[in-house]
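We use all heavy atoms of the structure for the numbers below, so side chains are in, but hydrogens, waters and symmetry mates are not. Chain identifiers are assigned alphabetically (A, B, ...) following the order of the sequence lines, protein sequences preceding nucleic acid strands; residue numbering begins at 1 within each chain.
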Amino acid sequence: MNVFQSLKSSGAELNSVVYNTVLDACVECSKLEKAEAWMEQMKKDGMSDVVSYNTLIKAHLQAGHMGKARALVEEMRVAQLQPNCITFNEIVNATVSSPDRRVRAEVWKVIQEMQAAGVKPNQVTCSILLKNLNGSSPESDINHTMQLINDMEEQLDEVLLSSVVEACVRIGKPDLLNTKLRQLMSGDIKVNGSHTFGSLIKAYGHARDMKSVWRCWKEMRTRHIKPTSITVGCMIEAVVSNGDPDGAWHLIQELGEDPHCKGILNAVIYCSVLKGFTREKNAGKVWSVYEEMQKRNIDLSIVTYNTLLDCCARCCRMDGVPDILADMKKANIKPNIITYSTMLKGHCQVGDLSAAFKLVKEMREEAGLVPDEIMYNSLLDGCAQSSLVDEGLRVLREMEEAGVKPSNFTLSVLVKLMSRARRVDQAFDLVKELSGKYHLSPNSHVYANLVQACCFSKQLQRGIKTLEEMMERKVQPDKRTYSMLFRTAVQQCQFDKVDGLMRGALGLSGALPFLSNRSLATCPGIEEVAVSETLSSMASSPEGNKVAAGLLVDLRKEKPSVRVDPTVQRCVLQGGQPPQSWTQERRSSKGKGRALVFAP
DNA sequence: GTAGGGTTAG
């Protein structure tokens with residue numbers, strides 16, 4: 001205001017740009033009333049224009065006042081000022097980022113309104129819409145947004161390219177991500193920003209395309225585009241999550257020797273590699289990374305410490321916990337609920353439930369924290385792992401009394417708890433009771449565990465009945481669900497059941513009637529695991545082999561694209577015995593005995 | 001002078 005006044009008194013000619021700058025200053029400082037008063041002044045001085053209105057609209061939207069923003073758009077029209085692309089983009093942005101689901105659902109109406117006003121959606125509009133897409137977005141929203149991008153007159157720019165790949169990653173459909181990456185990268189958009197390189201590296205990482213990840217990284221480096229901490233964070237995370245923490249660690253050390261880059265290494269970057277070594281259960285390497293972080297004077301956050309504690313938990317090295325807690329204390333960082341929850345999981349992992357319960361007590365007393373849903377889930381899971389049914393039920397009651405709402409995750413853990421104790425009826429009862437009480441619709445994980453409970457106690461028919469219920473409730477089964485049913489049916493020599501189930505799972509003719517809805521009954525990835533596994537295990541009895549042969553013939557006829565291992569084909573079609581390695585069950589490396597691994 | 005993009009923990 002002072003600068004404006006001195007400009008005015010200097011006698012210089014004032015224009016709307018100067019007035020608008022003052023208005024924006026009010027808005028950026030969240031002085032809504034001042035902004036409104038200033039706008040009135042501008043109108044009096046004849047200085048208000050489209051930009052002024054857009055700026056004031058921004059202020060109302062920041063304050064969450066969609067109605068006031070709308071009223072200003074009307075006022076613009078009355079004042080013969082046409083709302084432009086920026087006006088509508090502000091409204092679109094506020095719509096998609098509204099906390100209210102009903103407002104978010106209105107976004108396509110706003111777009112229509114924009115088009116009706118003769119304003120074409122542009123790159124900015126599209127990137128705003130993309131921000132709204134995630135794993136639970138309806139197919140129609142995804143298609144609609146992508147169509148709008150295709151229909152756009154302008155070329156894609158760098159920000160939009162980055163927004164598209166980011167959205168594809170969040171949506172989580174690998175095919176879509178791959179298609180878009182290919183489509184975008186075949187165009188001639190020159191990538192210059194470290195932002196964009198970060199997004200691309202992340203996207204290629206999710207697509208498991210490490211060749212392209214490294215290609216992007218090297219291109220960025222050879223063109224001397226300086227990565228930021230976040231770019232490096234994306235890169236290290238991509239390398240680690242594709243199973244190469246050593247490669248990531250090597251890259252960090254290389255950057256640490258580069259005088260231009262060593263300053264950008266931060267705790268987030270180190271965190272990814274800590275996580276990677278933890279997954280490999282290599283506590284030794286975790287400690288050496290931690291040592292180097294300390295040597296380099298990296299600022300550690302609560303996240304870093306929690307990651308280190310997670311290493312202790314997952315590597316079953318709870319002896320390392322006291323040192324880390326002491327370091328936290330030295331750094332003046334207070335443990336939060338995640339800290340306690342991580343340690344709790346570690347105690348559960350090694351079957352030390354009394355330490356787990358003691359920790360909860362400590363947390364309440366020393367930190368004044370109360371357990372949340374995730375913590376209760378971990379406790380329940382610990383009880384399930386240790387087959388402590390009554391303790392588990394007590395935890396559930398406590399959870400309810402504390403007003404912590406169970407989720408489907410909770411239900412799935414409870415089913416596991418009951419399943420272990422062979423209390424199949426109670427597993428079903430609990431799901432029924434809690435899903436009613438808390439308005440939950442059981443998801444595929446809950447059902448998978450129910451099916452597992454049935455199979456575990458040799459109640460094949462009940463397992464199949466549960467699958468039927470899944471179809472009625474429109475829940476798509478996963479590979480595990482089918483795999484358990486196939487295996488149990490084969491063990492019980494119920495080959496007609498195997499036949500009907502397998503045809504349903506693969507979308508072949510002759511499926512059990514309730515599996516006739518193909519898009520619901522089939523499940524991606526079923527071919528690789530269940531077909532080879534089940535067909536070969538059936539081949540060892542003549543009756544089973546007959547069914548297996550029929551399945552194989554129809555599979556090749558109706559789904560020629562499905563690849564079946566030649567060894568399996570030979571042993572089924574020639575009626576031979578499968579090689580030893582195909583029928584031998586092996587426990588998965590985690591020792592939880594869930595997945596069956598067959599070594600060809 | 002007004003609108004859009006990237007990283008870590010239970």
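Judged by distance alone, with hydrogens and angles left aside, A/Thr228 brings a side-chain donor or acceptor within reach of the base of B/dG6, the pair sitting under 3.5 Å. For a distance-only test at 3.5 Å, the side chain of A/Thr342 fails to qualify as a donor-acceptor partner of the base of B/dG10. For B/dG6, its base sits under 3.5 Å from the side chain of A/Thr231 at one donor and acceptor pair at least. Between the base of B/dG10 and the side chain of A/Asn377 there is no donor-acceptor pair shorter than 3.5 Å.
Between A/Lys345 and the choices A/Asp352, A/Asp310, A/Asp381, the salt bridge (Lys or Arg N to Asp or Glu O under 4.0 Å) rule is met once, by A/Asp310.
In this structure, the nucleotide among B/dA3, B/dT8, B/dA9 sitting nearest to the side chain of A/Asn306 is B/dA9. Distance from the side chain of A/Ile374 is smallest for B/dG10 among the nucleotides B/dT2, B/dG10, B/dT8. The side chain of A/Val159 sits closest to B/dG4 out of B/dT2, B/dG4, B/dG6. Nearest to the side chain of A/Asp310, among B/dT2, B/dG10, B/dG6, sits B/dG10. Distances from the side chain of A/Lys202 to the nucleotides B/dG10, B/dG5, B/dG6 place B/dG6 closest. When the nucleotides B/dG6, B/dG10, B/dG5 are ranked by their closest atom to the side chain of A/Glu158, B/dG5 comes out on top. Candidate nucleotides B/dG6, B/dA9, B/dT2 were compared by shortest atom distance to the side chain of A/Ile86, and B/dT2 ranks first.
Here B/dG6 presents its P atom at 17 Å from CZ of A/Phe197, a figure rounded to the nearest Å. The interatomic distance linking A/Leu129 (CG) with B/dG4 (P) rounds to 13 Å, in whole Å. A straight line from CG of A/Leu325 to C1' of B/dG10 spans 14 Å, rounded to a whole angstrom. Protein atom CZ of A/Arg170 is 11 Å distant from nucleotide atom C1' of B/dG6, rounded to whole Å. Atom pair A/Tyr305:OH and B/dG10:P shows a separation of 18 Å (rounding to whole Å applied).
Between A/Trp249 and A/Phe277, the ring planes are perpendicular. Angles over 60° get that label, and only those under 30° would be called parallel.
In summary, the aromatic rings of A/Tyr270 and A/Tyr290 are positioned with their centroids too far apart to meet the 6.0 Å limit.
Looking at heavy-atom distances under 4.0 Å, A/Leu308 makes no contact with the nucleic acid at all. A/Asp157 comes within contact range of at least one nucleobase, with a heavy-atom separation under 4.0 Å. A/Leu160 comes within 4.0 angstrom of a nucleotide base, judged by non-hydrogen atoms across all strands.
Annotation: cation-pi pair A/Arg223/A/Phe197 absent, no NZ/CZ under 6.0 Å from the ring centroid and within 45° of its normal.
Between A/Lys361 and A/Glu365, at least one side-chain N (NZ, or NE/NH1/NH2) sits under 4.0 Å from a carboxylate O, which counts as a salt bridge.
Less than 4.0 Å separates DNA chain B from at least one heavy atom of each of the following residues of residues 120-128 of chain A: A/Asn122, A/Gln123, A/Val124, A/Ser127, A/Ile128.
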